[in-house]
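Here is the structure we will look at.
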Amino acid sequence: MKILLPSQNEATLEQYALKYAQAPFASPVKEPMNRIVYAAAHVVVEPTQSGNPWDETLSIDWDKTLVFREYLWRLGFRVAEAMDTAQRGMGLGWKESAELITRSAAHAKTIPGAALSCGVGTDQLQVNTETTLDDVLQAYRAQFEVVNNAGVSAILMASRALCAIAKDAADYQSIYSTLLQEAKDKVILHWLGEAFDSSLHGYWGSTDIATAMETVLSIIHTNVDKVDGIKISLLEAKWEIELRRRLPEGVKLYTGDDFNFAELIAGDGERFSHALLGIFDPIAPVAAHALAALAIGDLKRYEEIIQPTVPLSREIFCTPTRYYKAGVVFLAWLNGHQDHFSMLGGMQSARSLAHYCKIFRLADQAGALIQPELAVKRMKQFLAVYGGIEAE
């Protein structure tokens, strides 16, 4: 199977022959995983409904959005809901996030074994010169109430508002300790680096990562009975390894490193990371096979399957990293999980034609195109509309 694509140097067109004419990982696996793995899932919009994508949240196709979560659950993943992969704060407002949480929680109850954790933040709070720490606390509490009412666990997301008004590490310690002690169940903390959101520069009260880590560890040790684990998304493996080494017994490290996840999940023979990753959305069937191999101790097979997904992930999450959602949804469309390539915030326009062509090639080479014929058909349509490249 071939398709006409821009060449690797982007100067000419060339015929690209797919590596996989038949999807190697489309069949589900039955073996249980020995890592706790969350896939942060995207949302599907309803493009036929009117709306200005740059200024408001577009209508959401709730049926397709929930069916995709069911797909992830049936592959053995937990779902991390209303996170940045769902374009939280970049197209998805709090009102729609609350509805997403409520609908997903209700749907999870109909799927045997489905597990769901939901993002709690402060994105309904408009920060101004009068905003106080108590305002931040109340905003967090309001979102915790929605998650508690839905009957699911919480992921305590980083707050742009808190980052904007906190004076020092003590302010973070105060807010987080209060929220954790009030939490109904154990919570997953979330350390999101500024590569994902520039508004979080200097989170935890310092721009020095080592100093910020001391604050995080202090919060965890003080509230260890309320912390299930922490997701760290800094895209530098050394910081995750250091934090993982220093966590109290029983507190999990969930890798959010979409550059180095393969080695961090495998571990070093002494410690390993669990996972909460946006990349698991587009590579779910491949990752499921790899994680099943890891669970039975077949490290060689795990690496054979998972390693080709790393270049794909690095391309999807390339700078500016915050636009990675475009690649996630692009592959969801190519793979038939939705009928269009439209996104909240019009984010499909945030990446170039060359970027999407690289994703197509790398997804094929990783075995992540689960319906190759459909993917080729849709890629040809995309090339014609987006780049004026007509199929021969």
Side-chain angles (χ1 to χ4, degrees), residues 23 25-29 33 37-49 57-88 90-92 96-119 150 152 155 258 275-289 291 309 312-313 316-317 324-345 347-348 359 363 366-372 374-375 378:
F25 304 111
S27 299
V29 291
M33 301 174 185
V37 287
Y38 283 89
H42 74 283
V43 296
V44 183
V45 303
E46 178 48 76
T48 62
Q49 300 299 309
T57 299
L58 298 177
S59 297
I60 294 174
D61 186 331
W62 293 112
D63 289 340
K64 288 288 177 66
T65 293
L66 294 177
V67 165
F68 186 73
R69 281 138 181 79
E70 185 172 336
Y71 168 74
L72 293 172
W73 283 320
R74 294 194 186 283
L75 285 173
F77 293 92
R78 300 185 182 195
V79 170
E81 189 57 279
M83 304 292 288
D84 50 309
T85 304
Q87 295 184 245
R88 185 80 177 268
M90 294 186 72
L92 187 73
E96 295 77 18
S97 296
E99 184 173 1
L100 177 61
I101 289 166
T102 301
R103 286 177 178 265
S104 290
H107 194 60
K109 292 180 174 65
T110 71
I111 309 298
L116 181 74
S117 295
C118 299
V152 292
I155 301 168
D258 299 277
L276 197 166
L277 288 163
I279 191 57
F280 279 166
D281 178 310
I283 69 164
V286 185
H289 279 262
L291 290 162
T309 70
L312 171 62
S313 187
I316 289 175
F317 285 81
Y324 78 86
K325 298 91 171 173
V328 169
V329 177
F330 182 63
L331 282 175
W333 173 58
L334 291 183
N335 281 325
H337 294 299
Q338 56 194 76
D339 300 324
H340 58 79
F341 182 37
S342 296
M343 297 179 66
L344 295 170
M347 194 175 285
Q348 67 273 11
I359 286 177
L369 298 178
I370 60 175
Q371 298 186 67
L374 177 64
R378 290 187 167 181

Response to the item:
On a heavy-atom basis, the closest approach of M343 and Q348 is N-OE1, 3.0 Å

Item to complete: For the pair Q49 (side chain) and S59 (backbone), establish whether a donor and an acceptor sit closer than 3.5 Å, ignoring hydrogens and angles.
Response: no

Discussion item. Using only atom types and a distance under 3.5 Å, with no angle test, would you say the side chain of H337 pairs donor to acceptor with the backbone of V67?
Written reply: no

Worksheet item: Looking at I101 and A82, what are the two nearest heavy atoms and their distance?
Response: CG1-CB, 3.9 Å

Discussion item. Suppose we call two aromatic rings close when their centres sit under 6.0 Å apart. Are F280 and Y38 close by that rule?
Written reply: no

Practice prompt. Over all heavy atoms of both residues, which pair between L72 and A284 is shortest? Give the atoms and the distance, please.
Written response: CD2-CB, 3.6 Å

Worksheet entry | Distance, nearest 0.5 Å, that separates OG of S104 from CD of E99 | 10.0 Å

Response to the item:
Closest heavy-atom pair, F77 versus A287, reported as atoms and distance to 0.1 Å, is CZ-CB, 3.9 Å

Practice prompt. Answer yes or no: is there a side-chain heavy-atom contact under 4.5 Å between N335 and L369?
Written response: yes

Item to complete: Let me see the working for I155 and L276 under side chain to side chain contact (heavy atoms under 4.5 Å, CB included), right down to the final yes or no.
Response: CA-CA 11 Å; I155 301 168; L276 197 166; 3.8 Å; yes

Discussion item. To the closest 0.5 Å, what do you measure between CG (L100) and CE (M83)?
Written reply: 12.0 Å

Worksheet item: Quick one: which of L312, L334, V328 gives a side chain to side chain contact (heavy atoms under 4.5 Å, CB included) with I359?
Response: L312

Worksheet entry | Heavy-atom check, side chain of L116 versus side chain of H107, under 4.5 Å | no

Discussion item. Under a 3.5 Å distance rule, please check whether R69 uses its side chain to pair with a backbone N or O of H42 as donor and acceptor.
Written reply: yes

Discussion item. Checking S313 against Y324: is there a side-chain donor and acceptor pair closer than 3.5 Å?
Written reply: no

Worksheet item: Judged by atom type as modelled, is there a donor-acceptor pair below 3.5 Å linking the side chain of D258 to the main-chain atoms of I279?
Response: yes

Discussion item. Would you say that P285 contacts Y71 through its side chain, given a criterion of any heavy-atom pair below 4.5 Å between the two side chains?
Written reply: yes

Worksheet item: Do the ring planes of W333 and F341 sit parallel (below 30°), tilted (30 to 60°) or perpendicular (above 60°)?
Response: parallel

Discussion item. Assess the residue pair I60 and L92 against the criterion (side chain to side chain contact (heavy atoms under 4.5 Å, CB included)); give the C-alpha distance rounded to whole Å, side-chain angles, the decisive distance to 0.1 Å, and a yes or no.
Written reply: CA-CA 10 Å; I60 294 174; L92 187 73; 3.7 Å; yes

Worksheet item: Can you find a pair of side-chain heavy atoms, one from S97 and one from R88, that are under 4.5 Å apart?
Response: yes

Item to complete: Over all heavy atoms of both residues, which pair between V152 and A105 is shortest? Give the atoms and the distance, please.
Response: CG1-CB, 3.8 Å

Worksheet item: How close do R378 and G336 get, heavy atom to heavy atom, and via which atoms?
Response: NH1-CA, 3.7 Å

Practice prompt. Apply the test side chain to side chain contact (heavy atoms under 4.5 Å, CB included) to residues V44 and H340: give CA-CA distance (whole Å), side-chain angles for both, the deciding distance (0.1 Å), then the verdict.
Written response: CA-CA 9 Å; V44 183; H340 58 79; 3.8 Å; yes

Worksheet item: Roughly how far apart are D281 CG and K325 NZ, rounded to 0.5 Å?
Response: 12.5 Å

Worksheet item: What distance do T110 atom OG1 and W73 atom CH2 have between them, rounded to the nearest 0.5 Å?
Response: 7.0 Å

